[in-house]
Amino acid sequence: MIEDTTTRSKNFIKEIIAADLAKGKNDSRVQTRFPPEPNGYLHIGHAKSIVLNFGLADEYQGHCNLRFDDTNPVKEEEEYIQSIIEDVRWLGYDWEDRLYFASDYFNRLYELAEQLVKSGKAFVCDLTAQQIREYRGTLTDPGKNSPFRDRPIEENLDLLRRMRAGEFQDGSRVLRAKIDMTSPNLNMRDPVIYRILHTEHPRTKDTWCIYPMYDWAHGLEDSIEKITHSLCTLEFEDHRPLYDWYLIQLGVYRPQQIEFARLNLSYTVLSKRKLLQLVQEGHVTGWDDPRMPTISGLRRRGYTPESIRHFCERVGIAKKDNIADIALLEYYIREDLNKRTSRVMAVLNPLKIIIDNYPVGQVEQLEAINNPEDAEAGIRTIPFSRELYIEQEDFQEEPHRKFFRLAPGREVRLKHAYIIKCEEIVKDEMGNILEIHCSYDPQTKSGDAQSNRKVKGTLHWVSVTNSIEAEVRLYDRLFVKANPDDVEEGADFKSNLNPQSLEIKSARVEPGLLEAQPGDRFQFLRRGYFCVDIKDSTPEKLVFNRTVPLRDSWARIEKMNARQKQ
RNA sequence: UGGGGAGUCGUCUAAUGGCAAGACUACGGGCUCUGGAUCCGUCUAUCGGGGUUCGAAUCCCUGCUCCCCAGCCA
């Protein structure tokens, strides 16, 4: 399946697995699972869990299941199930025939609940939600027993069956475990097992009107699937005693729950609640908006599955709260795209130049190497003519120190073409530059024997008449602060939204791009990596998304200069 | 102030009583028909205080800081 063995490093979970294997625990099986709740789209944080779980199974010749934890029909939707399946597959993982749903186990889960009631370890409680909260106590004060705690087993069984039969209203009763209302671990204070919810489930429809709570369902799902190592995030650490308690009381197979720190990423948010809010309030165009840290957003942005996997492997697995630097993700996508994309030329901020000594009407087809990193990528031709566009920022009338692009009297090379010299600037009456007149040196055509004259700068360009228009969407970080939750008193994370996270350009691109297909990726020379948008691009109107800009040491120099002037 | 966790370069992760290592970032330089890539180099870390030991990031004691838990969410 996946060949990435590059950054496989040790971590504490692998040590546990290796020790278990050495002991012959679980018949030396390794069985993991990725258990999403279908209440939102998957994001890069889920990718970390996916890479971990599937990666471990792969490394130890085990298996990893894809299992939907669909126990709360109030929040879950079929659309989310489909998107999750698509995203896990796109990331490159295969669960073969092991696609499971918690809802497929509802019968078994219910049988076990009756078993727990019969053993006297669970009871039906008539307290309201508010009362249960009051009886639970606080962090420092113990709770007190529910007045219904000592109901006879037969009465509990009868009430549970009637709950299931739909005799009672939502919220009127719950099934609770009988553990210890004085436990310092709040999870052990007679936790709820089943609640009444007369809500249609995406899969079981109206078969059920009682639904299991997470703690009851999850351990049993793991047990049923004979999971050996049940990996989850840190906030479930103090649920582990309950996870174990249920399985021990029931006398069923007991997987081992192991917790690791979830991923946080700088300059973005990774909570389903916040992401949902961005979608619902229209701060982005949808779950797959290229600015979103969702798998579908990253995909549309132009990220590759490989780059995401490499990133997840490199951030590692530990128990420390962390905020990974988004620059690391950007590093991996650049690394990948550098090797695999063809270079093309696109001018985002056109400035017209006219080469006065080049024949009017002549069009030359010049050869260009597609990818200097990949000889097999071949060559293409691009049309050169008398009138061209270059980038506005590649010309300075009064060049400052270290600027080695076009300026009055200066020479630069046009990539794959000739060396040109700036001869004259034409302005309108307002002083705006309209066009620049240049001369070219016919001896300097790229590839020619005498073309090796050195000039300091090389510019990308397109022909005025032989280029095509394209919409280019420049995406930037969604938030202006590394930690979006760092806000003024009274404000929330949305106050840190980056107003410039999307800039739309009307660009000129080389004509060969007419054949680009949705999803195709390119390097726009000297600008960055771009892909053809999979939703909005059409043959009539090409739309490119900027995946990530190139590293730009010139931009750094400029920033430094700007700072020094202040 | 109950319980559960965690503290190592700016960031992430190693080192499992024996030279604190790597990646990213930042910075400097070589090379370059992409100010890209690449190559070379530099900076920066064991939360504090005691103790054990020839030797402590690691073991012990103590203090501090941060995160999670009072859903009929997961």
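Letters A, B, ... are given to chains in the order of the sequence lines, protein chains preceding strands, and every chain is numbered from 1.
Distance CZ (A/Arg405) to C1' (B/C33): 15 Å, rounded to an integer number of Å. Look at CE on A/Met213: it is 5 Å from P on B/C73, rounded to the nearest Å. Taking atom CH2 of A/Trp461 as the reference point, atom P of B/U34 lies 15 Å away to the nearest angstrom. Between A/Leu242 atom CG and B/C68 atom P the separation is 21 Å, expressed in whole Å. Here B/C72 presents its P atom at 14 Å from CG of A/Asp170, a figure rounded to the nearest Å. As a whole-Å value, the separation of A/Asn370 CG from B/A37 C1' is 16 Å. Remark: C1' of B/C24 and CZ of A/Arg334 are 11 Å apart, rounded to the nearest angstrom. In this entry the distance linking CZ of A/Phe123 with P of B/C72 reads 12 Å, nearest Å.
Relative ring orientation between A/Tyr41 and A/Trp287 is described as parallel, the plane-to-plane angle staying below 30° on a 0-90° scale split at 30° and 60°. Using bins of under 30°, 30° to 60° and over 60° for the plane-to-plane angle, the ring pair A/Phe530/A/Phe524 lands in the parallel bin. Ring orientation note: the planes of A/His239 and A/Phe236 are nearly perpendicular, at an angle over 60° on the 30°/60° scale. Between A/Phe68 and A/Phe101, the ring planes are parallel. Angles under 30° get that label, and only those over 60° would be called perpendicular.
Using C1' as the reference atom, B/U38 and B/U58 are 39 Å apart when rounded to the nearest Å. Across B/U25 and B/G5, the matching C1' atoms stand 29 Å from one another, rounded to whole Å. The same atom, P, is picked in B/A57 and in B/G18; the two are 10 Å apart, to the nearest Å. Across B/A21 and B/G63, the matching P atoms stand 33 Å from one another, rounded to whole Å. To the nearest whole angstrom, the two C1' atoms, one in B/U8 and one in B/A14, are 10 Å apart. Of the P atoms belonging to B/U52 and B/C60, the separation is 15 Å, rounded to the nearest Å. Here the separation of B/C67 from B/A26, taken at their C1' atoms, is 29 Å to the nearest Å. Nucleotides B/A56 and B/G48 are separated by 16 Å at their C1' atoms, to the nearest Å.
Under 4.0 Å is where a charged nitrogen must lie from a carboxylate oxygen, and between A/Glu134 and A/Lys144 no such pair does. Between A/Glu411 and A/Arg405 there is no salt bridge, since no side-chain N of the basic residue sits under 4.0 Å from a carboxylate O of the acidic one. With respect to A/Arg195 and A/Asp170, no salt bridge is recorded, no charged nitrogen being found less than 4.0 Å from a carboxylate O.
Contacts of A/His239 with the nucleic acid, taken as non-hydrogen atoms under 4.0 Å apart, include base atoms. At the heavy-atom level, A/Phe68 lies nowhere under 4.0 Å from the strands shown. The residue A/Pro35 sits apart from the nucleic acid: no heavy atom pair falls under 4.0 Å. When heavy atoms are screened at a 4.0 angstrom cut-off, A/Gln523 is found touching base atoms of the nucleic acid. Counting non-hydrogen atoms under 4.0 angstrom, A/Gly528 reaches nothing in the nucleic acid. Using a 4.0 Å heavy-atom cutoff across all strands shown, A/Tyr214 reaches at least one base atom of the nucleic acid. Within 4.0 Å of A/Pro212, counting heavy atoms only, lie sugar-phosphate atoms of the nucleic acid but no base atom. If you check every strand for non-hydrogen atoms under 4.0 Å, A/Val192 touches sugar and phosphate atoms only. Here A/Phe236 lies in heavy-atom contact (under 4.0 Å) with a base. The residue A/Phe404 sits close to a base: some heavy atom pair falls under 4.0 Å.
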**OP:** Let me have a per-nucleotide readout for nucleotides 1-15 of chain B, 5' to 3', with B, S or -, counting only protein heavy atoms under 4.0 Å.
**Re:** SBBSSS-S--SSSSS
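OP1 or OP2 of B/A74 has at least one side-chain nitrogen or oxygen of A/Thr71 nearer than 4.0 Å. Residue A/Lys272 places no side-chain N or O under 4.0 Å from the OP1 or OP2 atom of B/A74. Phosphate contact (OP1/OP2 of B/A74, side-chain N/O of A/Arg273, threshold under 4.0 Å): absent. Contact annotation: A/Arg551 side-chain N/O to B/A26 OP1/OP2 distance is under 4.0 Å. The side chain of A/Arg556 places no N or O atom within less than 4.0 Å of a non-bridging phosphate oxygen (OP1 or OP2) of B/U25.
There is a side-chain donor-acceptor pair under 3.5 Å between A/Tyr332 and A/Arg314.
Considering only side-chain atoms of A/Ala327, the nucleotide from B/U25, B/C33, B/U34 that sits closest is B/U25. If you check B/C72, B/C33, B/A23 against the side chain of A/Arg136, the one that comes closest is B/C72. Among the nucleotides B/C73, B/C72, B/G35, the one closest to any side-chain atom of A/Ser553 is B/G35. The side chain of A/Tyr331 sits closest to B/C24 out of B/A74, B/C24, B/C33.
Taking the six-membered ring wherever Trp is involved, the centroid distance between the rings of A/Phe384 and A/His416 does not fall below 6.0 Å. A/Trp216 has its ring centre less than 6.0 Å from the ring centre of A/Tyr246.
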**OP:** Treat a base pair as Watson-Crick or G-U wobble with both distances under 3.5 Å, then lay out RNA chain B in dot-bracket form, 5' to 3', with | for cross-strand pairs.
**Re:** .((((((..((((....[..)))).(((((.......)))))....(((((..]....))))))))))).....
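Glycosidic torsion of B/G10 falls outside 90° of 0, placing the base in anti.
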**OP:** Verify salt bridge (Lys or Arg N to Asp or Glu O under 4.0 Å) between A/Arg67 and A/Asp222, making sure each step is shown before the conclusion.
**Re:** CA-CA 10 Å; A/Arg67 181 179 72 225; A/Asp222 286 342; 2.8 Å; yes
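Along RNA chain B, the nucleotide nearest to A/His416 and the one nearest to A/Glu235 differ in position, and the one closer to the 5' end is contacted by A/His416.
No option in A/Arg33, A/Glu225, A/Glu221 other than A/Glu225 meets the side chain to side chain donor-acceptor pair (under 3.5 Å) test with A/Asn65.
Scanning for side chain to side chain contact (heavy atoms under 4.5 Å, CB included) contacts around A/Pro484 gives A/Val269, A/Phe479, A/Phe493, with sequence neighbours left out.
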